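Single-structure report; data block below.
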Amino acid sequence: MSNRKLSAMKPSDGIVWITGASSGIGAAVALEMANRGWQVAISARSRDKLDKIAELHSNITAIACDVTDRDGMSKTAQKIEAEIGSLAMIIANAGIYLPTHFPKFDVSIFDDSFAVNLTGTVNMIAASYPYMIERNKGQIVLVSSVAGYNGLPTSAAYGATKAALLNMGEAMAVDLAKYGLSVNMVAPGFIDTPATKQNTFHMPALMDVTKAAIVMVDGIEKNRTRITFPKRFTFWLRFLTFLPRQLYVRLLSR
Ligand SMILES: NC(=O)c1ccc[n+]([C@@H]2O[C@H](COP(=O)([O-])OP(=O)(O)OC[C@H]3O[C@@H](n4cnc5c(N)ncnc54)[C@H](OP(=O)(O)O)[C@@H]3O)[C@@H](O)[C@H]2O)c1
């Protein structure tokens with residue numbers, strides 16, 4: 001395989017599979033992609049919620065599956081290939097935010113965050129990769145977060161998983177380009193979803209989930225390696241990465 005510029009997958013290339021699509025960003029992206037002509041397979045643990053999303057568009061098929069179940073994820077990929085169509089794109093979106101509240105050190109928050117956000121993503125890639133690599137064609141989209149750029153308050157576990165996804169995705173983008181596979185990393189700021197509704201603090205530049213889905217799918221369709229939104233907020237978080245780290249820690253710990 002030559003090291004050529006890769007084009008984005010199109011609906012004619014096959015199916016998109018989205019995890020964590022029973023609510024929030026995943027559900028909004030599923031609907032946006034279905035409206036743009038994609039056949040969409042959606043998964044999450046809540047069968048009833050998935051069915052309600054699938055009822056909204058005839059292009060959407062629901063399959064319940066937990067991302068931490070490696071074997072189950074592999075069977076879901078097999079089912080999609082056998083019953084719906086070829087996997088052209090995966091969007092590893094399933095994620096949980098469990099805040100760390102020091103001085104208590106709760107190791108289960110780290111275990112659970114790593115299992116869903118990080119290993120769950122690896123499980124999805126492992127399940128779909130054999131089909132994509134065999135065809136030398138595919139697009140892998142990893143949903144990270146701006147919390148992956150810098151260490152943020154209460155995000156020691158969540159941020160670690162999201163930083164890992166940015167690094168993992170970049171390394172895979174470098175390695176897989178010559179095999180015809182692209183990797184896109186999505187790093188949203190605050191988006192209005194059931195997950196953020198639980199936050200009691202002020203969320204700067206909170207973005208409507210339908211608008212976020214449009215920006216995200218636009219970026220995916222352009223095969224952008226890094227997709228961030230809302231722009232002004234994510235710019236400032238990127239800017240913080242350039243501060244001297246001692247000053248950064250002093251500012252953020254206030
Ligand atoms: N909202 C934001 O401000 C924001 C910002 C940056 C990044 N993100 C990221 O965007 C993604 C979606 O977040 P969201 O805000 O849309 O949250 P959400 O509404 O809570 O959605 C999370 C989704 O993940 C699924 N999920 C959780 N654990 C799972 C598991 N073990 N197996 C399969 N599915 C599982 C949930 O469905 P079930 O419970 O039915 O399984 C749900 O569909 C996450 O990766 C999050 O970290 C969100």
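Just so you know, these numbers come straight off a predicted model, no measurement behind them. Just follow the structure's listing: the first ligand is 1, and inside any ligand the first atom is 1.
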Answer with yes or no whether the side chains of T19 and N93 bring together a donor and an acceptor at under 3.5 Å. no
Where on I25 is there a heavy atom closer than 4.0 Å to ligand 1, on the side chain, on the backbone, on both, or on neither? both
Quick one: does G120 get within less than 4.0 Å of ligand 1, heavy atoms only? no
Is any N or O atom of T68, backbone or side chain, closer than 3.5 Å to an N or O atom of ligand 1? no
Looking at atom 5 (C) of ligand 1, what's its closest protein heavy atom, distance included? G189 O, 2.9 Å
N/O donor-acceptor pair under 3.5 Å between N150 side chain and L152 backbone: no
Find all atoms of ligand 1 within a distance of less than 4.0 Å from any non-hydrogen atom belonging to C65, and give their numbers and elements. 33 (C)
For K52, is there an ion pair with D48 - N to carboxylate O distance below 4.0 angstrom? no
Between R224, R226, Q139, which is the residue that forms a side chain to side chain donor-acceptor pair (under 3.5 Å) with N184? Q139
Do NZ/NE/NH1/NH2 and the carboxylate oxygens of K75 and E81 come within less than 4.0 Å? no
Of all protein heavy atoms, the one nearest atom 40 (O) of ligand 1 is S46 OG, 2.4 Å
Is it the case that over 12 heavy atoms from other parts of the model lie below 6.0 angstrom from the CZ atom of R245? yes
Is it true that a side-chain atom of N199 and a backbone atom of F201 form a donor plus acceptor pair closer than 3.5 Å? no
From the options S22, A187, A147, G148, select the one whose nearest heavy atom is closest to atom 42 (C) of ligand 1. S22
With a distance cut-off below 6.0 Å to the six-membered ring centre and an angular limit of 45° from the axis, does R238 pair with F235 as a cation-pi contact? no
Starting from atom 17 (O) of ligand 1, what is the nearest protein heavy atom, named by residue and atom, and what distance separates them? A195 CB, 3.4 Å
Considering distance alone, does some N or O of S23 sit under 3.5 Å from an N or O of ligand 1? yes
Keeping to residues at least two apart or across chains, list the salt bridge (charged side-chain N to carboxylate O under 4.0 Å, His left out) pairs with something in residues 28-41. E32-R36, R36-D218, R36-E221
Looking at V143, which atoms of ligand 1 are within less than 4.0 Å of one of its heavy atoms? 9 (C), 10 (O), 11 (C)
Give the atoms of ligand 1, by number and element, whose distance to some non-hydrogen atom of G24 is under 4.0 Å. 16 (O), 19 (O)
Per-atom contacts, ligand 1 versus A21 - under 4.0 Å to a heavy atom: 43 (O)
the protein heavy atom lying closest to atom 24 (O) of ligand 1 turns out to be G20 CA, 3.4 Å
What about I191: any of its N or O atoms under 3.5 Å from an N or O on ligand 1? yes
Under 4.0 Å between heavy atoms, the region of K162 that gets near ligand 1 turns out to be side chain
To which protein heavy atom is atom 7 (C) of ligand 1 closest, and what is the distance rounded to 0.1 Å? S144 O, 3.2 Å
Sub-4.5 Å side-chain heavy-atom contact between N123 and V67: no
Identity and separation of the nearest protein heavy atom to atom 14 (P) of ligand 1: T193 OG1, 3.6 Å
Name the option, out of N123, D69, N93, that contains the heavy atom nearest to atom 44 (C) of ligand 1. N93
At less than 4.0 angstrom from any non-hydrogen atom of T196, what atoms of ligand 1 do you find? 1 (N), 2 (C), 3 (O)
Looking only at distance, does V146 have an N or O less than 3.5 Å from an N or O of ligand 1? no
Taking atom CZ of R70 and atom OG1 of T119, what is their separation to the nearest 0.5 Å? 7.0 Å
Taking the side chain as C-beta and beyond, is there a heavy-atom pair between V29 and I91 under 4.5 Å? yes
Among all protein heavy atoms in this structure, tell me which lies nearest to atom 31 (N) of ligand 1, with the distance rounded to 0.1 Å. D66 OD1, 2.9 Å
Can you list the ligand 1 atoms lying under 4.0 Å from a non-hydrogen atom of G95? 22 (C), 24 (O), 44 (C), 45 (O)
Heavy-atom side-chain contact between K162 and N117 under 4.5 Å: yes
List ligand 1 atoms under 4.0 Å from F190, heavy atoms only on the residue side. 3 (O)
Short question: side chain of D13, backbone of M9 - any donor-acceptor pair under 3.5 Å? no
Among all the protein's non-hydrogen atoms, which is closest to atom 27 (C) of ligand 1, and how far away is it? R45 NH2, 3.4 Å
Taking the six-membered ring for Trp, are F110 and F105 parallel (under 30°), tilted (30 to 60°) or perpendicular (over 60°)? parallel
For ligand 1, find out whether one of its N or O atoms is nearer than 3.5 Å to an N or O atom of Y158. yes
For I96, is at least one N or O under 3.5 Å away from an N or O on ligand 1? no
